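When a ligand or atom number is given, it counts from 1 through the structure's own listing order. Numbers here simply count residues along the sequence, with the first being 1. Since we're looking at a predicted model, the values are computed, not measured.
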Amino acid sequence: MRQERTQVGIVGAGPAGLTLARLLELGGIDTVVLEDRSREYVEHRIRAGVLEQRTADLLVEAGVGERLQREGIVHHGIELQFDGERHRIPLSELADGRSIVIYGQTEVVKDLIAARLGSGLPLLFEVDDVGIHELESSEPQIRFRHEGDQHELTCDVVAGCDGFHGVCRPSIPDGLLSSFSREYPYGWLGILAEVAPSNDELVYAHHPNGFALSSLRSPQLSRLYLQCAPEEDLDEWPDDRIWAELQKRLGVAGWTLAEGPVLEKGVTGMRSFVVEPMQFGRLFLAGDAAHIVPPTGAKGLNLAIADVRLLAEALVGWYRTGNAELLRAYSANCLNRVWRAEHFSWWMTSMLHRPPGDDPFDLKLQLSQLRYLVTSKAAAASLAENYVGLEL
Ligand code: RFL
Ligand code: PHB
């Protein structure tokens, strides 16, 4: 058994764990990051693409935004489509000039990993049998196997950044957390295609066949989604069927969607989930380990980064002054933002997806809400400030 010591043990090398590690490095705090997948896997797991400006600014301030500033694409609006027509929501005009940046989560993760390894700091991939112990003591431990050796890492604090299916949240004794959740009766079938995006801004489309979204990753890469069943069988979706359905759902007069080779496809289920509090003893949960949103509001990655910003500030303050006030307030401070994003994501999801059983009352409500958004500045401003991210 190898015995090791660090200040903050970070479980998970997704956006939350890697950003926390970077912020603590800048604060002069020692960390070890443990990841159960390979570097190759985490660098190529296609997920989010929309960064709130505040998220992008934080990455730049943390010294990992050089490529993001060069390659990220700034958007000042999105489009809502329904009844066969598109309507622009001018985000920046409605939300104090703030904007969003299109830059793939894969790229954020690559930049953070490169910075971590560039600093020569510990980031272990392919660790096995991770277990979290002694959380109520002042010396919590993480036990794991790596390259055939058994390790015991003693820490001051453990950061649970290991996503929804991780081990940290389940390590908290039963009965101490309250959880809140909602499952949705739909999923998203997503593709990455090697073709220039056919529109300048994201298009969120309400359609009788179901929701569709046109997004992008770069001037040469389109990212497109279709509402499907949560357990949709991809074998039933050859590329030409996907394109035909996208053409139908995103189609408007005088416009066609350019098609190209499909580089990747997958199905994602959708759920809302929150645990309270996001802390037990010396374990602090951040990102998807503590909360999940359906992707319709583009909030998941942004929430993960917002959590670790607060956690890093609290930890740096605690190490410098011994004052644990911000650590004690961590969960409540995060949850304020988390619940705003939960509501927004649920609301966007409910407004845009074809309701189960095609309930005609639901459909009328959706269309009324969509018409209200594109005719009322107040309604559009509410969407805009949530979409670009509220200062909370
Ligand atoms: P992650 O990214 O899941 O990272 C957790 C890491 O922990 C590792 N892990 C373990 N490591 C060690 N030991 C264990 N026992 C472990 N168990 C797990 C995992 O391998 C992984 O590397 O969580 P994190 O860091 O909290 O980041 C959250 C985001 O990944 C997530 O919220 C977003 O991707 C959600 N999301 C979107 N968010 C946005 O802000 N904007 C978007 O446009 C957006 N689009 C999306 C999305 C998520 C999607 N999917 C596939 C769920 C689109 C999609 C399709
Ligand atoms: C994406 O580009 O992957 C994306 C964009 C907007 C969303 C969700 C995902 O709401």
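Counting heavy atoms under 4.0 Å from ligand 2, residue Ile102 does not touch it at all. The proximity of Asp288 to ligand 1, defined as any non-hydrogen pair under 4.0 Å, involves the side chain as well as the backbone. Only the side chain of Tyr225 comes within 4.0 Å of ligand 1, counting heavy atoms alone; its backbone N, CA, C and O stay farther away. Contact annotation for Asp36 and ligand 1: heavy atoms of both the backbone and the side chain come within less than 4.0 Å of the ligand. The backbone of Cys161, and not its side chain, has at least one atom closer than 4.0 Å to an atom of ligand 1 (non-hydrogen atoms only; backbone = N, CA, C, O). Of all the heavy atoms of Leu301, the ones lying under 4.0 Å from any atom of ligand 1 are found in both the backbone and the side chain. Under 4.0 Å from ligand 1, not a single heavy atom of Ile292 appears. Residue-level proximity to ligand 1 for His165 is absent, since no heavy atom of it falls below 4.0 angstrom. Counting heavy atoms under 4.0 Å from ligand 1, residue Asn302 touches it through both backbone and side chain.
Near Lys299, meaning under 4.0 Å from one of its heavy atoms, ligand 1 places the atoms 39 (C), 40 (O). Every atom of ligand 1 is numbered from 1 in the order shown, and the set under 4.0 Å from a heavy atom of Leu34 is 11 (N), 12 (C). Applying the 4.0 Å criterion to heavy atoms of Arg45 picks out, from ligand 1, the atoms 19 (C), 20 (O), 21 (C), 22 (O). Close approach of ligand 2 to Pro295 is summarised as follows: ligand atoms under 4.0 Å from at least one heavy atom of the residue are 7 (C), 8 (C), 10 (O). Those atoms of ligand 2 that come under 4.0 Å of a heavy atom in Arg47, given as number and element, are 3 (O). Of all atoms in ligand 1, listed by their number and element, those nearer than 4.0 Å to a heavy atom of Arg37 are 20 (O). Annotation for ligand 2: atoms under 4.0 Å from non-hydrogen atoms of Leu213 are 5 (C), 6 (C), 7 (C), 8 (C). Heavy-atom contacts of Gly163 reach the following atoms of ligand 1: 3 (O), 5 (C), 23 (O) (cutoff under 4.0 Å). Short contacts between ligand 1 and Val11, defined as distances under 4.0 Å to a heavy atom of the residue, involve ligand atoms 12 (C), 13 (N). Applying the 4.0 Å criterion to heavy atoms of Ser215 picks out, from ligand 2, the atoms 1 (C), 2 (O), 5 (C).
Between Trp318 and Tyr330, the ring center distance fails the sub-6.0 Å criterion.
Between Arg217 and ligand 2, at least one N/O pair is under 3.5 Å apart. When only interatomic distances are considered, the shortest N/O to N/O separation between Gly300 and ligand 1 falls below 3.5 Å. Any N or O atom pair closer than 3.5 Å counts here, and Thr268 shares no such pair with ligand 1. Checked against a 3.5 angstrom limit, the closest N/O atoms of Leu202 and ligand 2 fall outside it. Between Arg223 and ligand 1, a contact under 3.5 Å exists for no N or O pair. Residue contacts with ligand 1: Ala16 is placed with a nitrogen or oxygen under 3.5 Å of a nitrogen or oxygen of the ligand (distance criterion only).
Looking from atom 6 (C) of ligand 2 to the surrounding protein, the closest heavy atom is Tyr204 OH, 3.2 Å. From the protein, the heavy atom lying nearest to atom 5 (C) of ligand 2 is Val50 CG2, 3.5 Å.
Taking the side chain as every heavy atom from C-beta outward, His206 and Leu367 approach each other to under 4.5 Å.
The aromatic rings of Phe273 and Phe164 sit perpendicular, their planes meeting at an angle over 60°, well past the 30° parallel limit.
Closest non-hydrogen pair, Tyr225 versus Leu246, comes out as O-CD2, 3.8 Å. Nearest heavy-atom pair, Val8 versus Ala159, reported as atom, atom and distance to 0.1 Å: CG1-CB, 4.3 Å.
In this structure, Leu326 is not a member of the same hydrophobic cluster as Leu24, with clusters built from ILVMFWY side-chain heavy atoms closer than 4.5 Å.
Distances from ligand 1 to the non-hydrogen atoms of Gly190 include no value under 4.0 Å.
For Glu264 and Arg45, the salt-bridge test fails: no basic side-chain N is under 4.0 Å from an acidic carboxylate O. Look at Asp36 and Arg145 and you find no salt bridge, because none of the NZ, NE, NH1 or NH2 atoms lies under 4.0 Å from a carboxylate O.
Between Tyr225, Tyr387, Tyr103, it is Tyr225 that holds the heavy atom closest to atom 9 (C) of ligand 2.
In this structure, a donor-acceptor pair under 3.5 Å is present between the side chains of Gln53 and Ser99.
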